Amino acid sequence: MASKPSIPKGTRDFSPAEVSKRQYIIQTIKANFEKFGFQPIETPSFENSDTLMGKYGEEGDRLIFKILNSGNFFYNKSKIELPESIEELQLNSAEKITLEQRIELNKFTGKISEKALRYDLTVPFARYVVQHQSEIEFPFKRYQIQPVWRADNPQKGRFREFFQCDADVVGSKSLWQEVELVQLYDTVFTSLGLEGVTVKINNRKILSGIAEVIGASDKLIDFTVALDKLDKIGEDGVKKEMIEKGISEEALVKVQPLFSFSGTFADKIAQLSDLLSSSEEGMKGVEELKFICDNVADLGLSTATLDLDVTLARGLNYYTGAIFEVAAPKTVAMGSIGGGGRYDDLTGIFGLKNMSGVGISFGLDRIYLVLEELQLFPETVAATSKAIFLNFGDKEALYASKAIQKLRQENIKVELYPDNVKVGKQFQYADKRLIPFAVLVGDQEINSNSYTLKNLVTGEQVSVNFDGLKKALQA
């Protein structure tokens, strides 16, 4: 007996209704991207492994899906003794093995896999900029809406295959770009009817300054990776991880104010200025945040709120300035629905130095879940037709098809039931498809050049000419 068909964990099928709702979100984001002057690009779904590896930190690297080369490969197990579980170890596993074993396994991985599915859109974008630099006018404002893949542990709002919707600007160090990106977040979520989101902001220079002040500059990455988990594992969990990474108890005492920062944006800026007064790098970050905050305040936001979160430390290696993360309204239990930041030299890893950039991303899948939970999708977002013409025979179908052709030219979604079957079955089909109107055509309608339009919600039925039909279906 054939096994029951299934799909891999962390992936999904989408029904017509779901696709329509996703397209509504994508089109809203796309329209606002273009309104802000961003241009679209696309990159391949997979890249050379060396393009992606080493760009996301150790944790990110483990979540990259690698693609096996074609052909058969022989692994000499006798070269180094690996645990039994390693023989079935997936290339993306975080299984604990010794450094020597990891090196040997990585060598073998390099022989059997030279390509990987993209982890995000930012690193492929950096590769694109370097590869096509002679064709690009800088500053270059691009947007990209494509799927990415991560070998993560699937859970609510977290998938192994999902879409990212990114907007980036490269070739400008101006902080006005950060101001505009905050406005872009506000504009998109307002357009979607999702009011009350919080755009959290921090600055990597502030995190570097804090690490400097507490005497842990050499542990900056460990410090920021642990701090970024505050919402997930709490204050005690963060401190425990920092100690495990070699950050001293004395340093944790100095960093304690981070866990209790409160007040307005201006209040937090003042507290940071006191904490970082001895750090030139940290104070530079404070000034950058103040510039962004002051100008956003002057320009105003429609429905979003900008908040300084000093514990925000998005655990990626490439952010060097502002860091963004968007939180859904507090009435919804959901992780971040957007994020991004400033990267001063991301293209440098591909040989193009001093090309500063800043970008943000919208989490399509999580935004979908939030809109669904809050019932914010407009009723007009539907994958169904506005009306179905019932089929009473070839003569009637031809008459109906002529009307259908003209209605479609008016961008009205209509269709003909393909088979001449019992009318009850045709009405049942329309009901299951949630089609609101049915059009009935018989000898009487053909002779009088009219149509019988039935509202399948109220049951009301009227006779109309073509103009009346068109007007009713456009309403």
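Starting from 1, each residue takes its place in the sequence as its number. This is a predicted model, so every value here is computed, not measured.
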Kindly indicate, with the supporting measurements, whether the criterion side chain to side chain donor-acceptor pair (under 3.5 Å) is fulfilled by Asp307 and Thr198. CA-CA 7 Å; Asp307 183 46; Thr198 300; over 6 Å; no
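- Within the 3.5 Å criterion, the main-chain N or O of Ile67 finds a donor-acceptor partner in the side chain of Ser113.
- Annotation: Phe362 is in aromatic contact with Tyr185 [ring centroid separation under 6.0 Å].
- The side-chain heavy atoms of Phe36 and Gln183, taken from C-beta on, include a pair separated by under 4.5 Å.
- Of the possible donor and acceptor atoms, none in the side chain of Thr190 sits under 3.5 Å from a partner among the backbone N and O of Thr187.
- At most 12 heavy atoms of other shown residues, nucleotides or ligands fall within 6.0 angstrom of atom CZ in Phe46.
- For the pair Phe427 and Leu390, the minimum side-chain heavy-atom distance is below 4.5 Å.
- Using a 4.5 Å heavy-atom threshold, the side chains of Lys35 and Asn32 count as touching.
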side-chain contact (heavy atoms from CB on, under 4.5 Å) between Thr305 and Val199: does it pass, once the steps are laid out? CA-CA 6 Å; Thr305 301; Val199 181; over 6 Å; no
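- When the side chain to side chain contact (heavy atoms under 4.5 Å, CB included) test is applied to Lys470, the partners found at least two apart in sequence or on another chain are Leu407, Glu410, Ile412, Phe466, Gln474.
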Could you go through the salt bridge (Lys or Arg N to Asp or Glu O under 4.0 Å) check for Asp419 and Lys425 one step at a time? CA-CA 10 Å; Asp419 302 305; Lys425 183 175 182 180; over 6 Å; no
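- The environment of NZ in Lys254 is crowded: more than 12 heavy-atom neighbours from other residues, nucleotides or ligands sit within 6.0 Å.
- Remark: the backbone N or O of Asn391 is paired with a side-chain donor or acceptor of Gln426 at under 3.5 angstrom.
- Residue pairs meeting the side-chain hydrogen bond (donor to acceptor under 3.5 Å, both in side chains) criterion with at least one partner in residues 374-387, sequence neighbours excluded, are Ser385-Glu415.
- Annotation: the span from Ile292 atom CD1 to Phe324 atom CZ amounts to 5.5 Å, rounded to 0.5 Å.
- Counted by atom type alone, Lys239 and Gln256 present one or more donor-acceptor pairs between their side chains at under 3.5 Å.
- The side-chain heavy atoms of Phe350 and Val123, taken from C-beta on, include a pair separated by under 4.5 Å.
- Within the 3.5 Å criterion, the main-chain N or O of Phe437 finds no donor-acceptor partner in the side chain of Asn455.
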Determine, step by step, whether Thr28 and Ser191 satisfy the side chain to side chain donor-acceptor pair (under 3.5 Å) criterion, reporting the C-alpha distance in whole Å, the side-chain angles of both residues, the deciding distance to 0.1 Å, and the verdict. CA-CA 7 Å; Thr28 301; Ser191 298; over 6 Å; no
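- Taking a cutoff of 4.0 Å between a charged side-chain nitrogen and a carboxylate oxygen, Arg12 and Asp365 qualify as a salt bridge.
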Show me the side-chain donor-acceptor pairs of residues 142-153 shorter than 3.5 Å, one per line, residues at least two apart or across chains.
{"unit_1": "Arg142", "atom_1": "NE", "unit_2": "Gln144", "atom_2": "OE1", "d": "3.1"}
{"unit_1": "Arg142", "atom_1": "NH1", "unit_2": "Asp168", "atom_2": "OD1", "d": "2.6"}
{"unit_1": "Arg142", "atom_1": "NH2", "unit_2": "Leu121", "atom_2": "O", "d": "3.2"}
{"unit_1": "Arg142", "atom_1": "NH2", "unit_2": "Gln144", "atom_2": "OE1", "d": "3.0"}
{"unit_1": "Tyr143", "atom_1": "OH", "unit_2": "Glu34", "atom_2": "OE2", "d": "2.6"}
{"unit_1": "Gln144", "atom_1": "NE2", "unit_2": "Thr43", "atom_2": "OG1", "d": "2.9"}
{"unit_1": "Gln144", "atom_1": "NE2", "unit_2": "Gln146", "atom_2": "OE1", "d": "2.8"}
{"unit_1": "Gln146", "atom_1": "OE1", "unit_2": "Thr43", "atom_2": "N", "d": "2.9"}
{"unit_1": "Gln146", "atom_1": "NE2", "unit_2": "Thr43", "atom_2": "O", "d": "3.1"}
{"unit_1": "Trp149", "atom_1": "NE1", "unit_2": "Glu161", "atom_2": "OE2", "d": "3.1"}
{"unit_1": "Arg150", "atom_1": "NE", "unit_2": "Tyr119", "atom_2": "O", "d": "2.9"}
{"unit_1": "Arg150", "atom_1": "NH2", "unit_2": "Tyr119", "atom_2": "O", "d": "3.2"}

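- A salt bridge does not link Glu460 with Lys454: every distance from a Lys NZ or Arg NE/NH1/NH2 to an Asp or Glu carboxylate oxygen is 4.0 Å or more.
- Every residue two or more places apart in sequence or in another chain that forms a side chain to side chain contact (heavy atoms under 4.5 Å, CB included) with Lys219 is listed here: Ala216, Asp222, Ile247.
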Show your reasoning for whether side-chain contact (heavy atoms from CB on, under 4.5 Å) applies to Phe261 and Leu308. CA-CA 9 Å; Phe261 264 41; Leu308 171 54; 6.0 Å; no
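- Panel note: side chain Glu18, backbone Ser15; a donor-acceptor pair is recorded below 3.5 Å.
- When side chains are defined from C-beta on, Arg204 counts as touching Leu207, because their heavy atoms get closer than 4.5 Å.
- Listed by first and then second residue, the salt bridge (Lys or Arg N to Asp or Glu O under 4.0 Å) pairs involving residues 175-196 are Lys141-Glu180, Glu178-Arg342 (not counting sequence neighbours).
- Residue Gln405 qualifies as open at atom CD: its count of foreign heavy atoms under 6.0 Å is 12 or below.
- No donor-acceptor distance shorter than 3.5 angstrom exists from the side chain of Lys268 to the backbone of Thr264, with no hydrogens or angles considered.
- The closest donor-acceptor contact from the side chain of Asn295 to the backbone of Phe291 lies under 3.5 Å.
- One finds the CG atom of Leu416 at 4.5 Å from the CD1 atom of Ile404 (value rounded to the nearest 0.5 Å).
- Partners of Ser262 under the side chain to side chain contact (heavy atoms under 4.5 Å, CB included) rule, at least two apart in sequence or in another chain, do not exist in this structure.
- Side-chain atoms of Lys55 come within 3.5 Å of backbone atoms of Met53 as a donor-acceptor pair (strictly under, hydrogens ignored).
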Show your working on side-chain contact (heavy atoms from CB on, under 4.5 Å) between Ile25 and Ile29 and close with a plain yes or no. CA-CA 6 Å; Ile25 298 171; Ile29 294 172; 3.8 Å; yes
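- Although no hydrogens or angles enter the test, the distance criterion places no donor-acceptor pair under 3.5 Å between the side chain of Tyr343 and the main chain of Gly359.
- Without hydrogens or angle criteria, Asp309 side chain to Thr311 main chain gives a donor-acceptor distance under 3.5 Å.
- Proximity of Ile206 to Leu276: side-chain heavy atoms (C-beta onward) are separated by under 4.5 Å at one or more points.
- In this structure, Ile337 and Val370 have side chains that are in contact, with non-hydrogen atoms separated by less than 4.5 Å.
- The number of heavy-atom neighbours closer than 6.0 Å to CD of Glu235, taken from other residues, nucleotides and ligands shown, is above 12.
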Kindly indicate, with the supporting measurements, whether the criterion side chain to side chain donor-acceptor pair (under 3.5 Å) is fulfilled by Ser356 and Asp344. CA-CA 4 Å; Ser356 185; Asp344 276 341; 2.9 Å; yes
Verify salt bridge (Lys or Arg N to Asp or Glu O under 4.0 Å) between Glu47 and Lys115, making sure each step is shown before the conclusion. CA-CA 6 Å; Glu47 299 271 351; Lys115 296 176 287 295; over 6 Å; no
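- The environment of Lys240 atom NZ is sparse: at most 12 non-hydrogen atoms of other residues, nucleotides or ligands sit within 6.0 angstrom.
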Would Val225 and Glu241 count as a side-chain contact (heavy atoms from CB on, under 4.5 Å) here? Give the steps. CA-CA 9 Å; Val225 167; Glu241 182 167 328; 4.1 Å; yes
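- Between Tyr24 and Tyr368 the shortest side-chain heavy-atom distance does not fall below 4.5 Å.
- Checking each of Glu281, Glu287, Glu288 against Lys205 for a salt bridge (Lys or Arg N to Asp or Glu O under 4.0 Å) leaves exactly one that passes, namely Glu288.
- Rounded to the nearest 0.5 angstrom, Thr347 OG1 and Phe125 CZ are separated by 9.5 Å.
- Arg22 forms a cation-pi arrangement with Phe14, by the criterion of a distance under 6.0 Å to the ring centre and an angle within 45° of the ring axis.
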